[in-house]
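Below, each value reflects all heavy atoms present in this structure, side chains not excepted, and no hydrogens, waters or symmetry copies.
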Amino acid sequence: MFIQFLGTGAGSPTLFRNVSSIALIMDVPKYEVWLFDCGEATQHQILKSCFKLTKIKKIFITHLHADHILGLPGLLSTISINHYNNLLEIYGPKGIKSFIYNIFKITNSFINYNIKIYEINEGKIFNNNILEVNSFSLNHNLECYGFYIKIFKKRGKLNIDKLRKEGINPGPIYKIIKYSKQNFFFNNKLIKYKKYLNKSIKSKKIFILGDSAPLTMYSKHLLKADLLIHESTLRHNFMSIANKRGHSTNIQAANLAYNYKVKKLILTHFSARYTSKDFKSLLYDCIKIFTNTFIAYDLYILKI
């Protein structure tokens with residue numbers, strides 16, 4: 001499972017940073033992509049990405065500001081001419097339905113595949129027993145959500161080579177071993193089921209936040225999260241301006257990661273005022289507080 005940052009800029013694009021969009025790329029239960037936000041020119045960024053447009057199955061929108069949603073009409077239209085045969089699900093705040101329906105009506109465009117749009121509130125919005133997605137309200141100047149993704153623990157795969165070497169041939173016994181919760185006898189032989197399972201996949205907690213000034217209280221699940229993706233629109237010397245506009249500074253994000261003991265912090269959503277030479281200072285501010293901080297850049301790929 002991977003995350004790829006398609007756009008890491010705030011408000012307006014620069015030569016090196018497009019506006020907001022993040023892709024979660026999965027191989028379980030099958031290879032598919034979930035997008036988080038879809039700013040202008042996201043589909044152009046996908047042309048440079050590690051996945052195909054037709055692999056997108058879900059789109060989660062944090063809020064309805066232009067730099068987070070104006071890429072949707074073009075993306076949805078392009079999908080229509082790429083022989084897309086799947087159901088595409090879109091989750092977002094109240095107003096996302098009318099935005100999509102009206103823009104297609106006004107532009108006389110069409111969608112020739114199945115699409116479902118869900119207007120969300122706080123709480124659980126998706127669960128397939130492999131992943132669960134929850135949303136929670138943030139502190140922005142219009143309705144805005146963060147998304148908490150829980151990846152459930154997965155039992156390791158059967159070690160087929162070991163089974164064959166020990167004379168246990170393919171058959172119903174393989175399924176019994178794979179799903180067993182205790183040792184058992186088979187053909188007068190004690191089967192210690194854990195011996196034949198590869199290393200299990202640990203559960204993980206990922207937080208992808210939309211735009212937000214600091215909250216007085218975050219979701220309790222943030223404690224010891226494996227990954228926190230947090231906006232860092234302005235440097236800390238602009239804290240009053242950032243917070244007034246519903247944004248956070250780099251140091252405020254670092255303090256949050258430190259206080260909640262998260263394992264890794266990725267900063268994104270940077271003001272266009274910052275150039276490449278500024279990011280060393282932005283990062284240095286943070287690592288003095290929270291060592292495991294990283295700066296996202298467009299097309300950066302992170303293995304989860």
Side-chain angles (χ1 to χ4, degrees), residues 2-25 33-53 55-56 59-63 65-75 78 140 144 146 206-212 227-239 241-242 245-254 257 264-288 290-304:
F2 300 86
I3 283 179
Q4 185 165 30
F5 291 82
L6 302 176
T8 56
S12 59
T14 69
L15 287 173
F16 304 102
R17 292 183 184 273
N18 198 50
V19 288
S20 295
S21 187
I22 296 170
L24 177 63
I25 305 155
V33 176
W34 296 358
L35 282 189
F36 291 82
D37 285 334
C38 189
E40 179 184 353
T42 291
Q43 65 169 320
H44 192 77
Q45 294 293 88
I46 290 172
L47 293 176
K48 308 171 193 174
S49 75
C50 64
F51 63 90
K52 294 182 179 179
L53 195 74
K55 296 300 181 181
I56 299 171
I59 301 174
F60 298 86
I61 301 297
T62 61
H63 65 294
H65 272 156
D67 59 322
H68 293 256
I69 64 166
L70 285 189
L72 266 178
L75 179 74
T78 301
H140 200 38
C144 185
I206 300 167
F207 279 75
I208 301 176
L209 273 58
D211 294 2
S212 184
L227 176 63
L228 170 62
I229 298 174
H230 197 291
E231 70 128 287
S232 178
T233 305
L234 293 170
R235 198 176 181 185
H236 204 63
N237 54 317
F238 291 106
M239 181 180 68
I241 296 173
R245 295 175 180 174
H247 293 292
S248 294
T249 69
N250 56 334
I251 286 182
Q252 287 174 324
K264 181 179 289 187
L265 169 65
I266 308 288
L267 300 179
T268 187
H269 198 269
F270 300 102
S271 168
R273 75 179 64 203
Y274 299 116
T275 63
S276 56
K277 66 181 181 181
D278 297 312
F279 286 102
K280 284 186 178 179
S281 298
L282 287 164
L283 180 59
Y284 182 69
D285 290 343
C286 295
I287 61 177
K288 290 187 292 184
F290 184 75
T291 306
N292 209 23
T293 303
F294 299 85
I295 299 283
Y297 55 87
D298 284 20
L299 304 180
Y300 168 50
I301 297 175
L302 172 70
K303 184 177 181 180
I304 299 174

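- Using a 3.5 Å distance cut-off with no hydrogens or angles, the side chains of D37 and S21 do not pair a donor with an acceptor.
- Checked by atom type and distance alone, the side chain of N250 never pairs as donor or acceptor with a backbone atom of D285 at under 3.5 Å.
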| said: side-chain contact (heavy atoms from CB on, under 4.5 Å) for F5 and I266? Distances and angles first, verdict last. | reply: CA-CA 10 Å; F5 291 82; I266 308 288; 3.4 Å; yes

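- A distance below 6.0 Å separates the ring centres of F270 and F279.
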| said: With side chain to side chain donor-acceptor pair (under 3.5 Å) as the criterion, how do T275 and D278 come out once you've worked through the C-alpha distance, each side chain's angles and the decisive distance to 0.1 Å? | reply: CA-CA 5 Å; T275 63; D278 297 312; 3.2 Å; yes

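- The shortest non-hydrogen separation linking L6 to S49 is CD2-CB, 4.0 Å.
- Ring geometry for F36 against W34 counts as tilted: the plane angle lies between 30° and 60°, on a 0 to 90° scale.
- For Q4 (side chain) and L299 (main-chain N/O), a donor-acceptor pair under 3.5 Å exists by modelled atom type.
- Between L234 and S271, the shortest heavy-atom contact is CD2-CB, 3.8 Å.
- No hydrogens or angles considered: a donor-acceptor pair under 3.5 Å links the side chains of D211 and H68.
- When side chains are defined from C-beta on, I69 does not count as touching C38, because their heavy atoms never get closer than 4.5 Å.
- Residues I229 and L209 have side chains not in contact (no heavy-atom distance under 4.5 Å, counting atoms from C-beta outward).
- Although no hydrogens or angles enter the test, the distance criterion places a donor-acceptor pair under 3.5 Å between the side chain of S248 and the main chain of S212.
- Distance alone, capped at 3.5 Å, places no donor-acceptor pair between the E231 side chain and the G210 backbone.
- Between L35 and L75, the closest side-chain pair of non-hydrogen atoms falls below 4.5 Å.
- One N or O on the side chain of Y274 and one on the backbone of R235 form a donor-acceptor pair closer than 3.5 Å.
- More than 12 heavy atoms of other residues, nucleotides or ligands lie within 6.0 Å of NE2 in H236, so this atom counts as buried by the packing criterion.
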| said: Apply side-chain contact (heavy atoms from CB on, under 4.5 Å) to residues I25 and C50 and explain how you reach the verdict. | reply: CA-CA 9 Å; I25 305 155; C50 64; 3.4 Å; yes

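- Just one of Q252, M239, H269 meets the side chain to side chain contact (heavy atoms under 4.5 Å, CB included) condition when paired with H247; it is H269.
- Side-chain atoms of N18 never come within 3.5 Å of backbone atoms of G7 as a donor-acceptor pair (strictly under, hydrogens ignored).
- The minimum heavy-atom distance linking A253 with L267 is given by the pair CB-CD2, 3.6 Å.
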